[in-house]
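First the structure, in the form of structure tokens, and then the observations on it.
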Amino acid sequence: MSNRRPLIAGNWKMNGLTKDGLALAGEIATRLNKVASPNCDVLVCPPMTLVAAIAQKAEGSKLSVGAQDCHMNETGAHTGDTSPVMIKDAGCEYVILGHSERRTDHKETNEVVKAKASAAIKAGLKAIICIGETEAERDANKTIDVCASQIKGSVPAESTAENTVIAYEPVWAIGTGRTPTTADVQEVHAEVRKALTEVIGAEAAKTRILYGGSVKPTNASEFMPLPDVDGALVGGASLKADDFWGIVDSCI
Ligand code: PEP
């Protein structure tokens, strides 16, 4: 039995205006605060425009707040970017890095993700480093190799179980309603943990590895009990309080 504390993280992506975002985060915080001793950590990652307001609203509650990306520098001439120090200053505890949408839309490489993770850790944030294979890579039986090389390329040496979380998200499962089998998820998570051990040694056994990709209240209870699954990174289903809470409920 693992003693890793699960994390259920909501990635709102580019969704949410002030009124609805504050209401959604407030609803999750209220439900979470009614649970005397939750058995998992709960996190929302709103768009950058809302992180400060939501962090303020969540202050003193059991709900954590994170951002969806950060720059690798602390300050400077980087128009439109946000530094990890600023994200920490806005009240965030976590930052998602290397999401497949950023790897695709912004051509982020493993090296870039690693530099961002280093900077985030230095700023006192917890880095959620995302990895995962495309459908073509899965069809070519390259899932384990791709994930292992993303771990080795994206996780900095200074990562620990305390400052880093890994999210395994098969690209073909994100937003599609399709998921791998539970056996596939467990196999990949175990292999990811092995690759992580090569980077950070014994810390890997204590590091949380989340599953992400079409997690819903209806399937969360299949994935959450798997021995190497330590929570979920949730996209679409994190945008409705009842859906997100249904997933939290499978861990709590
Ligand atoms: C995600 O974008 O991180 C994600 C897992 O999305 P969805 O839950 O919608 O598949």
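Numbers here are sequence positions counted from 1. For ligands, and for the atoms within them, numbers begin at 1 and follow the listed sequence.
- Taking the charged nitrogens against the carboxylate oxygens, Lys206 and Glu203 do have a contact shorter than 4.0 Å, which makes a salt bridge.
- In this model, a donor atom of one side chain and an acceptor atom of the other lie less than 3.5 Å apart for Ser118 and Glu158.
- Here the closest non-hydrogen pair linking Ala127 and Leu97 is CB-CD1, 4.0 Å.
- Residues His99 and Ile174 meet the side-chain proximity criterion, which asks for heavy atoms closer than 4.5 Å.
- Applying the under-4.5 Å side-chain rule to Ile, Leu, Val, Met, Phe, Trp and Tyr, the cluster around Leu210 extends to Leu7, Leu43, Tyr94, Ile96, Ile128, Val165, Leu233.
- For ligand 1, the 4.0 Å heavy-atom shell contains residues Asn11, Lys13, His99, Glu169, Ala173, Ile174, Gly175, Gly212, Gly213, Ser214, Leu233, Val234, Gly235, Gly236.
- For the residue pair Glu101 and Thr104, no side-chain donor N or O sits within less than 3.5 Å of a side-chain acceptor on the partner.
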